[in-house]
**Student:** 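Just passing along the structure, written as structure tokens.
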Amino acid sequence: MLIFFVVLGVTAVVTYRPACRPGGILDVGPASCGSYSAYVLGPGGDPRATAVFVCVSMVLVFVWSIWRAEHIARCYEPLYPLLSLLSASGDLVGMAESHYTDAGRLRKKVWRVGLPLREVAGDAASAFGVSRAIRKELASHVRLVETTFSQAADELLRDREGAARKLGLLAATAASSIAVDRFQEILPEALLPSEEAGEGSLAPDRVDGLRLAKACTWSVLCVTIFSLLLAGLGVPAELMVPLAILAFPVAVYVLLAARHGLNEASRLTRSISTFFSSGPPV
């Protein structure tokens, strides 16, 4: 909800002045230009009623999470996907005959463990203020833990039962450690790969995804700032909107080319177009 309102607010600030300029394509009329609330909610919109509705919705979501016993400290949130992974591993081992699809479902459980584990470093270190040393140490350990889970999941293709047993052991060990606050030893040293293996453990598609995500994030930020500047100068919306649409892919390409070279930038930007096509990615 916070992201939604931030996007809504930025959009309103960027388009308010051009949209309220008489004669423009986005002319919304004088009734909607009296204030930002009228522009966003409409001429008859009541910002107080909207605020009450949002607050009530958030309270209901909060109560629902408490009723489902999900309102726990953030550093303990990995317990849920870890216990789910442990249960799924046991189910696969107990099958008289497992199939490839069963291993695929178990692999998805491993994916759901990744994000909560990565957030543990910041959540567990938050009690120590801005201690960068503690945060860095926890982040390094959690990265190796995630690598260990990913490597065990990769073995599902060759030995489903053996990999499922290993994943169950890893999930049980990690859940036990987190439950008793051993965040710096979620998995024992004997089960972890080396630092070098942890650094280079990302699959090629995940590396490409990280590069694209960073470039797109910076591109959105740059285009937003540029649009705000143009709006302040009174540039009409009919000119600013197409400029923003064109500037986004150009900025992504420039950022990727500056960081990874022209060939890599061309390959990565081509992969964006496959997101909107029905065929397989190239």
Side-chain angles (χ1 to χ4, degrees), residues 1-16 32 35-89 91 104-130 134-135 138-139 142-143 145-146 149 153 167 171-172 174-183 186 206 209-210 212-214 216-221 223-224 228 275:
M1 295 187 71
L2 176 62
I3 293 174
F4 169 76
F5 283 110
V6 168
V7 173
L8 183 63
V10 171
T11 304
V13 171
V14 170
T15 61
Y16 177 72
S32 298
S35 63
Y36 280 105
S37 62
Y39 176 65
V40 175
L41 303 176
D46 186 358
R48 289 176 296 182
T50 303
V52 170
F53 172 76
V54 172
C55 292
V56 170
S57 300
M58 295 181 69
V59 169
L60 291 176
V61 171
F62 182 72
V63 173
W64 175 260
S65 66
I66 294 177
W67 182 75
R68 297 188 62 185
E70 294 178 355
H71 190 64
I72 62 174
R74 289 176 58 88
C75 57
Y76 298 118
E77 287 185 0
L79 288 174
Y80 288 102
L82 285 171
L83 293 176
S84 178
L85 175 60
L86 174 59
S87 176
S89 301
D91 291 341
R105 285 193 290 269
L106 183 58
R107 183 67 175 90
K108 291 180 180 178
K109 297 283 186 180
V110 179
W111 289 341
R112 296 190 182 100
V113 170
L115 180 59
L117 279 178
R118 288 192 295 272
E119 293 177 345
V120 161
D123 297 334
S126 60
F128 297 90
V130 291
I134 295 176
R135 193 179 302 271
L138 287 174
V142 168
R143 185 172 60 251
V145 171
E146 185 182 5
F149 276 98
L167 285 172
S176 176
S177 299
I178 292 175
V180 296
D181 300 335
R182 289 204 304 265
F183 298 108
I186 297 177
R206 290 191 62 190
L210 289 173
L212 277 175
K214 291 179 181 178
C216 290
T217 301
W218 281 108
S219 177
V220 169
L221 182 61
V223 171
T224 301
L228 288 172
F275 178 78

**Student:** Just how far is it from atom OG1 of Thr224 to atom CG of Leu228, taken to the nearest 0.5 Å?
**Tutor:**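 Rounded to the nearest 0.5 Å, the OG1-CG separation comes to 7.0 Å.
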**Student:** If you look at every heavy atom in Leu117 and Val142, which pair is closest and at what distance?
**Tutor:**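 Heavy-atom minimum between the residues: O-CG1, 2.8 Å.
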**Student:** Could you list the residues that satisfy side chain to side chain donor-acceptor pair (under 3.5 Å) with Ser57, not counting sequence neighbours?
**Tutor:**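 None.
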**Student:** Drop me the distance from Phe149's CZ to Trp111's CH2, to the nearest 0.5 angstrom.
**Tutor:**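 Going from the CZ atom of Phe149 to the CH2 atom of Trp111 covers 16.0 Å.
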**Student:** Return the NZ to OG distance between Lys109 and Ser87, rounded to the nearest 0.5 Å.
**Tutor:**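 Rounded to the nearest 0.5 Å, the NZ-OG separation comes out at 7.5 Å.
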**Student:** Which residues pass the side chain to side chain donor-acceptor pair (under 3.5 Å) test with Ser219, sequence neighbours left out?
**Tutor:**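 Ser219 satisfies side chain to side chain donor-acceptor pair (under 3.5 Å) with no other residue.
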**Student:** Check the pair Leu85 / Val110 against side chain to side chain contact (heavy atoms under 4.5 Å, CB included), numbers first and verdict last.
**Tutor:** CA-CA 7 Å; Leu85 175 60; Val110 179; 3.8 Å; yes
**Student:** If we only count heavy atoms from C-beta on, is the Thr217 to Leu221 side-chain gap below 4.5 Å?
**Tutor:**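 Side-chain contact under 4.5 Å: no.
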**Student:** Determine whether a donor-acceptor pair (N or O, by modelled atom type, separation under 3.5 Å) exists between the side chain of Ser84 and the backbone of Tyr80.
**Tutor:**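 Not a single qualifying donor-acceptor pair exists.
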**Student:** Heavy-atom distance under 4.5 Å between the side chains of Val113 and Leu82, does that happen here?
**Tutor:**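 Yes, at least one pair of side-chain atoms sits under 4.5 Å.
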**Student:** How far apart are the closest heavy atoms of Leu79 and Ala175, and which atoms are they?
**Tutor:**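 It is CD2-O, 3.3 Å.
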**Student:** Can you tell me how far OG of Ser176 sits from CG of Leu86, rounded to the nearest 0.5 angstrom?
**Tutor:**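 Here the rounded value is 11.0 Å.
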**Student:** Quick one: are Val61 and Trp64 in side-chain contact, heavy atoms under 4.5 Å?
**Tutor:**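 A side-chain contact under 4.5 Å is absent here.
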**Student:** Heavy atoms only: give me the nearest Leu167-Ala153 pair and the separation to one decimal.
**Tutor:**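 Heavy atoms only, the tightest pair is CD2-N, 4.0 Å.
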**Student:** Looking at every non-hydrogen atom in both residues, tell me the closest pair between Ile178 and Pro78 and how far apart they are.
**Tutor:**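 Between these two residues, the closest heavy atoms are CD1-CB, 3.8 Å.
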**Student:** So how far is it from Leu60 CG to Cys55 SG, rounded to the nearest 0.5 Å?
**Tutor:**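 Going from the CG atom of Leu60 to the SG atom of Cys55 covers 11.0 Å.
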**Student:** Would you name the heavy atoms of Pro81 and Arg112 that are closest together and state the gap between them?
**Tutor:**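 Nearest pair, atom of Pro81 first, then Arg112: CB-O, 3.8 Å.
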